[in-house]
Number of protein chains: 2
Amino acid sequence: MSAATRNEDMSDDIGTRLKLVRQIFGLTQRELARRAGVTNGAISLIEQNRVSPSISSLKKILDGIPLSLADFFTLNFTSSDNVFFTADELTEIVYDPAISMRMVGRKVKGRMLQMLRETYQPGADTGDAMLRHEGEECGIIVSGCLAVTVGVEEKVLQPGDAYYFRSDIPHRFRNPGTEPCVLISANSPPSF
Amino acid sequence: MSAATRNEDMSDDIGTRLKLVRQIFGLTQRELARRAGVTNGAISLIEQNRVSPSISSLKKILDGIPLSLADFFTLNFTSSDNVFFTADELTEIVYDPAISMRMVGRKVKGRMLQMLRETYQPGADTGDAMLRHEGEECGIIVSGCLAVTVGVEEKVLQPGDAYYFRSDIPHRFRNPGTEPCVLISANSPPSF
DNA sequence: TAACGTTGTCAAAAATCCTAAACACATGGA
DNA sequence: TCCATGTGTTTAGGATTTTTGACAACGTTA
């Protein structure tokens with residue numbers, strides 16, 4: 001029931017929601033209308049919230065996507081606000097003065113992924129008290145070089161190189177070079 | 001998305017579904033109509049599937065219960081499979097050799113539970129003013145017997161039997177026997 | 001038994017939605 | 001430039017839903 005109040009606002013704006021869903025699935029009003037067996041005009045009116053469609057109409061339209069009524073009302077389709085981010089919109093995370101981290105997207109609980117843009121200054125090191133946490137992580141080097149230790153293996157990665165390992169295996173990052181190292185990494189689930 | 005196909009059938013019978021929900025919440029067509037601000041005739045026609053209501057109408061009606069559109073299309077009101085469990089349907093959980101645990105219901109992450117040991121004297125009754133509150137609750141009978149009403153379903157549970165339901169569905173406990181009933185119950189979130 | 005209140009249903013009128021066909025606008029080629 | 005194509009929008013009218021107001025069936029109580 002907590003979901004009820006949380007999702008209640010969705011019910012008021014079927015139009016925007018339908019439009020968003022339609023666009024997510026890459027359909028035009030006419031194409032969706034053709035698949036659903038309704039007219040494009042009907043979809044236009046619904047998306048403008050100028051009419052409140054009947055269940056049967058909405059069902060027919062969703063069948064053309066296809067998407068169930070339950071999913072239509074339940075799923076949390078992200079608005080474009082949460083899709084695209086400029087570089088300076090990435091939230092900065094203070095971890096170590098020599099290590100800059102910027103996270104892609106907003107911190108929303110329930111997410112399974114966390115992407116970071118990390119910058120390691122020369123000599124920066126996560127320390128020999130190896131990191132360990134739940135989940136998996138991966139990354140790719142953008143510039144500079146990075147020494148990555150996973151378990152007993154260590155390798156110095158160059159730009160373009162990448163890694164992927166289970167996060168419960170002790171791991172460590174270090175910049176052995178003379179220029180900053182930039183990499184893009186991802187965690188699942190978010191480690192902080 | 002997988003829920004789409006699984007729940008698809010529900011969409012075809014809004015009427016029966018609405019009627020079931022209305023009865024579960026103990027409302028007459030007129031009472032629900034009064035709360036929702038529509039006419040009883042409209043509800044009658046909808047429940048007979050003689051019309052397909054508009055989203056706005058259905059929303060108004062559900063607001064009178066109250067129940068969100070999302071819950072209306074999502075909840076599984078009909079199947080008692082996930083409500084009542086026989087003694088041998090409880091899954092055993094090995095936590096500590098000295099502690100035997102048997103989990104009631106299916107394992108779903110995100111639950112925060114409060115477990116209780118309750119004793120109902122013969123004739124004890126929570127009353128026909130059905131209980132309703134946020135969250136979920138479950139329980140298992142230790143000794144004696146307990147009549148549990150959840151929505152329109154009532155079942156007399158014997159020792160070893162158990163229940164699991166959403167607490168916003170009206171419910172009631174009653175001891176119809178001649179000896180005290182002891183049960184272990186759990187609430188999520190804790191109700192007190 | 002009769003009076004009363006409550007229930008769900010139904011028929012016609014009022015309100016709303018959906019369709020068909022056109023409109024305005026933008027884009028891309030010939 | 002001009003045309004063809006594709007997009008979303010609008011409008012009038014037919015189709016559907018909702019209201020209004022009444023009906024019969026069922027209990028309860030005097």
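Below, chains carry the letters A, B, ... as their sequence lines are ordered, and counting in each starts from 1. These numbers were taken from a predicted model, which means no experiment stands behind them.
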Under 4.0 angstrom between [X] side-chain N/O and [N] OP1 or OP2:
X	N	answer
Arg50(B)	dT16(D)	no
Arg22(A)	dG8(D)	yes
Ser44(A)	dT9(D)	yes
Ser57(B)	dT17(D)	no
Gln29(B)	dT9(C)	yes

Determine the contact category for [X]: base if any of its heavy atoms lies under 4.0 Å from a base atom, sugar-phosphate if only primed atoms, P, OP1 or OP2 are that close, otherwise nothing.
X	result
Thr28(B)	sugar-phosphate
Ile43(B)	nothing
Arg34(B)	nothing
Gln48(B)	sugar-phosphate

Geometric class of the Phe173(A)/Tyr120(A) ring pair [parallel <30°, tilted 30-60°, perpendicular >60°]
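Tilted.
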
Donor-acceptor under 3.5 Å (Asp63(B) side chain, Pro66(B) main chain):
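No.
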
Just how large is the angle between the end axes of the helix from dT1(C)-dA30(D) to dA30(C)-dT1(D), five pairs per end, to 10 degrees?
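That helix gives 10° between its end axes.
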
Checking only heavy atoms, does the side chain of Arg30(A) share a donor-acceptor pair with the base of dG6(D) at less than 3.5 Å?
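No such pair is found, so the answer is no.
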
Classify the side chain of Asn40(B) versus the base of dT9(C) as yes if they form a donor-acceptor pair under 3.5 Å and no if they do not.
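Looking at the base of dT9(C), it does pair with a donor or acceptor on the side chain of Asn40(B) (distance under 3.5 Å).
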
What's the spacing between [X] [atom1] and [Y] [atom2] if we round to 0.5 Å?
X	Y	atom1	atom2	result
Ile55(B)	Lys60(B)	CD1	NZ	13.5 Å
Asn40(B)	Leu45(B)	CG	CG	9.5 Å
Ile14(A)	Ile46(A)	CD1	CD1	9.5 Å

Are a donor atom and an acceptor atom from the side chains of Thr119(A) and Ser100(A) found within less than 3.5 Å of each other?
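There is no such pair (donor and acceptor under 3.5 Å, judged by atom type) between the side chains of Thr119(A) and Ser100(A).
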
